[in-house]
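One structure below.
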There are 2 protein chains.
Amino acid sequence: MNPSVLVVEDDTALCDLLAWNLSAEGYDVRSTGDGEEALVMVREQAPDAIILDWMIEQVPGIEVCRQLRKDKETARIPIVMLTARGEEEDRIRGLKTGADDYVTKPFSPRELMARIEALLRRSRPALAGDVLQYADLELDPTSHRVRRDGEPLHLGPTEFKMLRYFMERPNRVLSRQQILDGVWGMDSDIDERTVDVHIRRLRKAVNRPGDVDPIRTVRAAGYAMDVS
Amino acid sequence: MNPSVLVVEDDTALCDLLAWNLSAEGYDVRSTGDGEEALVMVREQAPDAIILDWMIEQVPGIEVCRQLRKDKETARIPIVMLTARGEEEDRIRGLKTGADDYVTKPFSPRELMARIEALLRRSRPALAGDVLQYADLELDPTSHRVRRDGEPLHLGPTEFKMLRYFMERPNRVLSRQQILDGVWGMDSDIDERTVDVHIRRLRKAVNRPGDVDPIRTVRAAGYAMDVS
DNA sequence: AGTTCCGTGACAACTTGATGACAAGCCACC
DNA sequence: GGTGGCTTGTCATCAAGTTGTCACGGAACT
């Protein structure tokens, strides 16, 4: 699922420009020009990041920011403040209120994209490509968690390392020796056939009845994980 | 303990200015003008944030940034790039390389301070004086108080530090060694198994009968606090 | 049919984490 | 200075989870 961004901006032309750019980068974009509505939308849709103009109707941007930070549910959503006011005082006030970044008009859309990406990378590593995935398989090396189709799976340490080894090398046939070296370490004198057994265990842990087996056996060569 | 910042800047005057400002805000400041040395210092001192000049001796700042991001131990330290080059391309390149923010000279020290604080707030909320709050657990670093579901809990000093260490790093698997380094200090020669015992004590203090245990044991790896 | 290669169930040895107990240390307060 | 209550680092022990092999049977290839 793509990361979603809420754009709060009452200049329609600018709003469209941003929306277009963000979409092109693969974000799901929603937008509004109204502060009150923004607060509602955030609660309903829980976007992954917010671009917030300082000067909008109904509620000033900075007030929206304050409100969002106050509520536990929304306190951790990254916010980029956007404004024509370039004064230092304003920038500092924006940042102190809880904005994560502050960009002054006129700005470069590409730079704004880069800043959004940097923020997402920090707040939701899962959205910035840190998490390995194959179709409905998902492996997070940091939190050591594996999911299939959203369901958490339980893998033993070796199975985990092995799955990770495969997911880091999708679509490649890996020989038993390569797998031994990669998962057990270069200097292990373990029987090659042992790999078979662990492949079986991994399959058993990953596949629920009716699932497609993501691990392909390549006769006389080894195993591979298919990513299509 | 105050948050620590490493300043990597070879213009001595500017370096001192930054150091002075940061100290005044209560940060522990270290500095160097050399890229190679910076890499060593980061590994040794694990600062909470880094201010990095693009143009420094030995190794270009962007290369330092790349190196830091490559290493898992240092990948999550917030980095602010600092530079005279105001070109959009450079800014975007800096951000894409993994910098979290990018400030162009000449800049306002106060704004830089605000940006550092905003970054710390996101990466280590406790350092910015915020209350850490996940699920029904609540830890206030300032008043040294912990609550679960509103109920005040009684934790020993070590348990408190440990819980805080976990809450500052939610969802991450932490090895026993990391926990020892973070809670007891880098230079403690304490048995790794001792961590187990303190985990038990923390669990006992935090979980009332029927509660979900927020601390997950990851076999052969360590422990993690789950929040999502 | 013969050969090679892989899947599988069983299993005993081994790791690893949880737990209760305990003595030493620390501290505040008499 | 003494004392009792907490805290804390280690240990020994226990239960559970994990792992490397093996033997057998079926599948694939020649």
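Chain letters run A, B, ... following the sequence lines, proteins first and then strands; every chain starts at 1. Computation of the quantities below employed the complete heavy-atom set of this structure, encompassing side-chain atoms and omitting hydrogens, waters and symmetry-equivalent molecules. Predicted, not measured: the structure shown is a model, and the values here were computed from it.
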Minimum-distance nucleotide to [X] side chain [options: [options]]:
{"X": "B:Asp196", "options": "D:dC22, D:dT7, C:dG17", "answer": "C:dG17"}
{"X": "B:Thr158", "options": "C:dC6, D:dT8, D:dT18", "answer": "D:dT8"}
{"X": "B:Arg201", "options": "C:dC22, C:dT19, C:dT4", "answer": "C:dC22"}
{"X": "A:Thr217", "options": "C:dG7, D:dC11, C:dT16", "answer": "C:dG7"}

* Would one find a side-chain N or O of A:Arg193 under 4.0 angstrom from OP1 or OP2 of D:dT21? -> no
* Please determine if a side-chain N or O atom of A:His154 lies less than 4.0 Å away from the OP1 or OP2 oxygen of D:dT18. => yes
* Asked: Are B:Arg148 and B:Asp211 ion-paired here, with the side-chain N under 4.0 Å from a carboxylate O?
  -> yes
* Asked: Can B:Asp149 and B:Arg208 be counted as an ion pair, charged N to O under 4.0 angstrom?
  -> no
Integer-rounded Å distance: [N] [atom2] and [X] [atom1]:
{"X": "A:Ile215", "N": "C:dC6", "atom1": "CD1", "atom2": "C1'", "value": "14 Å"}
{"X": "B:Lys204", "N": "D:dC6", "atom1": "NZ", "atom2": "C1'", "value": "14 Å"}
{"X": "B:Arg200", "N": "C:dG20", "atom1": "CZ", "atom2": "P", "value": "6 Å"}
{"X": "A:Leu202", "N": "D:dT18", "atom1": "CG", "atom2": "C1'", "value": "14 Å"}
{"X": "B:Leu155", "N": "D:dT8", "atom1": "CG", "atom2": "P", "value": "10 Å"}
{"X": "A:Trp184", "N": "D:dT21", "atom1": "CH2", "atom2": "C1'", "value": "13 Å"}
{"X": "B:Arg176", "N": "C:dG17", "atom1": "CZ", "atom2": "P", "value": "4 Å"}
{"X": "A:Arg203", "N": "C:dT8", "atom1": "CZ", "atom2": "P", "value": "7 Å"}

* To do: Report yes or no: is there a donor-acceptor pair, N or O only, under 3.5 Å between the side chain of A:Arg219 and the base of C:dT4?
  => yes
* So what does B:Thr194 hit on the nucleic acid, given a heavy-atom distance under 4.0 Å: a base, only sugar-phosphate, or nothing? -> base
* Quick one: label B:Tyr223 by what it contacts on the DNA or RNA (base, sugar-phosphate, nothing), any heavy atom closer than 4.0 Å. => sugar-phosphate
* Asked: What class does the angle between the rings of B:Trp184 and B:His198 fall in, given that below 30° is parallel, 30 to 60° is tilted and above 60° is perpendicular?
  -> perpendicular
* **Donor-acceptor under 3.5 Å (A:Asn171 side chain, A:Val227 main chain)** => yes
* Keeping the roles fixed (side chain from B:Arg69, backbone from B:Gly98), state whether a donor-acceptor pair exists under 3.5 Å. => yes
* Which comes earlier along DNA chain C counting from the 5' end, the contact point of A:Val197 or that of A:Ala220, where each point is its nearest nucleotide? -> A:Ala220
